[in-house]
Amino acid sequence: MTDTTRREVLGWLAGLGAAAGAGLLPGRAQASVGITALRDVTLIDSSGVRRGATIVLADNEVLAVGSCDLPLPRGATVLGLAGKFVIPGLWDMHVHGAFLDRITLPLCLVNGVTGIREMWGFPPIYELRERIERGEVFGPRLVVGSTIIDGPHSTLPGALIVSTPEEGRQAVRDAKGADFVKVYSYLDRPTLEAIADECSRQSTTFAGHCSNHVPLGDASDLGQRTFEHMYGLPLATSTRETQLRQAIADLPLDPADPFAWFKQVLEFERQATLSHSRSKALRLAKRLQRNNSALCPTMVAMRVYASPADRFANDPRMKYMPAFYRDLWRDSLTRWVPVTPQEIRQQAEFFRRRQELVAEMHAHGVEILLGTDAGNPYSFSGFSVHDELELLVEAGLSPKAALKAGTRGAAIKPGSEANLVVLDGNPVEDIRNTQRIHTVLTRGRVLGPDARRQMLAEVEKAAQEPFPTVQRTCC
């Protein structure tokens, strides 16, 4: 903390002709303000690339962005970062496991992830969100969904099952504390329509899986804001969509084993990629754009489910996961993954074709969001955001486009939150440079190399402590 006063800072801003700093006004004029300046950096955000920049921060607000010789207020702490690159804080838009706050939250922060969208909400996570905002817990910004709404069947034991449109409406009305409503795979059209209508009445949004009973474009027309895991996309762009949807409608479902039905639908989706239509893809993209619907492909998780069970088992990042995760993840993959050489080849090709679909949607102007499905097998909180960035580029997005997906198109400008990541390499030249983190700045704190190493050591220690058993599948 410096001894710069609010009055001095506001006077300095006035001298610059700057409009930021409104957050400094409350409180006594002589009260001190912590000022940090990042000198001589290359700033990369949605507005472009700016070399030789200086970024001035007060607590968690960007006060000014200027040239290398920008004058600074008295007492500012100057970080000399010549040759470094600064990007906005990253977002993971599909996360599970915020309740493991001593693991999930610090792993996100040390990896430059300053915001996460928790996709399965319940009261303790809503409380955690508020504690973070009050400064009682140090963590990324949390956007939290409702409990998962599915039915009349589901692969998830903990999902809220609704069997009628009215039950769907009541589930929306009961979603107190949630930032959005989470929908799932088994909802029929009348129930999804009722959920959509009730969300509109309650002035909230809904997001989640594309229902296997409702075409993706139709769900977008109903108002679904995001579609997760690339589900529904192959069918919606196939010349055989009508035939394959009839096969889904005719597919028997054993209530005692709903996953078998779900996996067969995935097989129909794999078949759909073999009859891809570029003209249907373009028409779908226009609908998604018109409806402001986005895709959150979670390629990291989908790659695991498309690979042999042991492919990622020895990932060194397992040391940061709760000990019981090793068995939980291994066992949960048993029914998902390919086993025979033919299955392995088919699933590898299916994954590649879905990547191409995402790149095609992006090329047609559809918004892509970065999500990892962290908490599911071998998708690691924080770390896997960088894996997802690589996979987006591998799919066909440019590094710049991948960064936009990973930062939600944020710009570093006066008045914005000071969530910044300082890198040792240029991510526009090589997206893998997002892993070369030097410093993370968030919530008024500066997490340099030593602080980040200490946080990782504490996570590794916490991971060895006993946790209650948690059951999860891909969601």
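The chain is numbered in sequence order, starting from 1. Any value given below was found using the heavy atoms of this structure, including those in side chains, with hydrogens, waters and symmetry copies removed.
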Tell me if a side-chain donor or acceptor on [X] pairs with a main-chain N or O of [Y] at a distance below 3.5 Å.
| X | Y | answer |
| --- | --- | --- |
| Thr407 | Leu403 | yes |
| Ser46 | Ala410 | yes |
| Asp387 | Val300 | no |
| Thr104 | Asp101 | no |
| Tyr231 | Ser185 | no |
| Asn291 | Ser293 | no |
| Arg50 | Ile44 | no |
| Gln224 | Ser220 | no |
| Ser307 | Arg303 | yes |
| Ser211 | Leu187 | yes |

Please round to the nearest 0.5 Å and tell me the distance separating atom [atom1] of [X] and atom [atom2] of [Y].
| X | Y | atom1 | atom2 | answer |
| --- | --- | --- | --- | --- |
| Cys296 | Leu370 | SG | CG | 7.0 Å |
| Arg354 | Leu233 | CZ | CG | 9.5 Å |
| Ile116 | Leu90 | CD1 | CG | 13.0 Å |
| Ile437 | Ile87 | CD1 | CD1 | 7.5 Å |

Should [X] and [Y] count as an ion pair when the cut-off is N to O under 4.0 Å?
| X | Y | answer |
| --- | --- | --- |
| Arg335 | Asp257 | yes |
| Asp218 | Arg189 | yes |
| Glu349 | Arg270 | no |

> Sequence neighbours excluded, which residues qualify as ring pair (Phe, Tyr, Trp, His ring centres under 6.0 Å) partners of Tyr378?
Replying inline: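 Testing Tyr378 for ring pair (Phe, Tyr, Trp, His ring centres under 6.0 Å), a comparison that skips the adjacent residues, returns Trp329.
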Can you tell if the side chain of [X] reaches within under 4.5 Å of the side chain of [Y], non-hydrogen atoms only?
| X | Y | value |
| --- | --- | --- |
| Ile149 | Ile195 | yes |
| Leu43 | Val65 | yes |
| Pro234 | Leu357 | yes |
| Glu133 | Arg443 | yes |
| Val366 | Leu295 | yes |
| Pro106 | Phe138 | no |
| Trp120 | Lys182 | no |

> What pairs with Gln202 under side-chain hydrogen bond (donor to acceptor under 3.5 Å, both in side chains), at least two apart in sequence or on another chain?
Replying inline: Glu198
> Once the angle between the rings of His94 and His229 is folded into 0 to 90°, is it parallel (under 30°), tilted (30 to 60°) or perpendicular (over 60°)?
Replying inline: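 His94 vs His229 ring planes: tilted.
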Results of salt bridge (charged side-chain N to carboxylate O under 4.0 Å, His left out) for [X] - residues two or more places apart only:
| X | answer |
| --- | --- |
| Lys404 | none |
| Arg240 | none |
| Glu429 | none |
| Asp315 | Arg317 |

Results of side-chain contact (heavy atoms from CB on, under 4.5 Å) for [X] - residues two or more places apart only:
| X | value |
| --- | --- |
| Val265 | Asn212, Ile248, Leu251, Trp261 |
| Pro322 | Leu100, Ile103, Phe324, Tyr325, Phe467 |
| Arg245 | Pro215, Leu235, Glu241 |
| Ser163 | Pro152, Ile161, Glu167 |

>> Is it the case that atom CZ in Arg173 sees more than 12 heavy atoms from other parts of the structure closer than 6.0 Å?
In response: yes
> Is the count of non-hydrogen atoms from other residues, nucleotides or ligands lying under 6.0 Å from Arg51 atom CZ greater than 12?
Replying inline: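 No - once you tally the heavy atoms of other residues, nucleotides and ligands closer than 6.0 Å, there are 12 at most.
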> Between Phe383 and Tyr320, does a ring pair (Phe, Tyr, Trp, His ring centres under 6.0 Å) hold up when you go through it step by step?
Replying inline: CA-CA 10 Å; Phe383 290 107; Tyr320 299 117; 5.5 Å; yes
> For residues 113-129, which residue pairs qualify under salt bridge (Lys or Arg N to Asp or Glu O under 4.0 Å), counting only residues two or more places apart or in two chains?
Replying inline: Arg117-Glu228, Arg129-Asp179
> Taking only residues at least two apart or on different chains, which pairs with a member in residues 357-367 satisfy side chain to side chain donor-acceptor pair (under 3.5 Å)?
Replying inline: Arg225-Glu367, His276-Glu360
> Hey, which of Leu57, Val440, Thr442 is the one that makes side chain to side chain contact (heavy atoms under 4.5 Å, CB included) with Leu420?
Replying inline: Leu57
> Could you walk me through whether Ser275 and Ser238 pass the side-chain hydrogen bond (donor to acceptor under 3.5 Å, both in side chains) check?
Replying inline: CA-CA 5 Å; Ser275 55; Ser238 169; 2.6 Å; yes
> Just by distance, with hydrogens left out, do Asp373 and Asn376 show a side-chain donor and acceptor under 3.5 Å apart?
Replying inline: yes
